[in-house]
Amino acid sequence: MFQETPIYSRLVAERGDVPQLVRGEAERIQRDLGRLIALPPQPPAGGQPYHPRPAH
């Protein structure tokens, strides 16, 4: 695993733990997308039924 260095510790103190923040945000986005992908297709606004286009 990664061994902290003095410069890394100083950067974290000054800027925050950016890699950890990015990982957390990426995990949140992945969860949100997972929920969206798992939902059945919704009809468009206006009450028209949903008819997926056939693949060409």
Side-chain angles (χ1 to χ4, degrees):
M1 187 79 189
F2 176 74
Q3 185 175 3
E4 271 192 41
T5 62
I7 192 162
Y8 181 79
S9 297
R10 190 172 52 189
L11 284 171
V12 169
E14 291 175 7
R15 306 286 181 165
D17 192 349
V18 175
Q20 179 59 40
L21 294 172
V22 170
R23 275 191 298 275
E25 192 64 15
E27 289 168 357
R28 183 192 64 78
I29 291 169
Q30 188 175 22
R31 283 191 307 272
D32 290 351
L33 288 175
R35 284 192 292 265
L36 288 173
I37 291 170
L39 292 175
Q42 301 295 316
Q48 298 297 320
Y50 177 74
H51 298 290
R53 295 180 181 203
H56 293 282

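Positions are given from 1 along the sequence.
In Gln20, the CD atom is crowded: over 12 heavy atoms of neighbouring residues, nucleotides or ligands sit closer than 6.0 Å.
Residues meeting the side-chain hydrogen bond (donor to acceptor under 3.5 Å, both in side chains) test with Glu27, sequence neighbours left out: none. Glu14 pairs by the salt bridge (Lys or Arg N to Asp or Glu O under 4.0 Å) definition with nothing, not counting sequence neighbours. For Glu25, the side-chain contact (heavy atoms from CB on, under 4.5 Å) partners at least two apart in sequence or on another chain are Arg28, Ile29. Every residue two or more places apart in sequence or in another chain that forms a side-chain hydrogen bond (donor to acceptor under 3.5 Å, both in side chains) with Arg35 is listed here: Asp32.
At a threshold of 4.5 Å between non-hydrogen side-chain atoms, the residues Arg10 and Ile7 count as touching.
Members clustered with Val22: Val18, by chain and number, using a 4.5 Å side-chain heavy-atom cutoff among hydrophobic residues.
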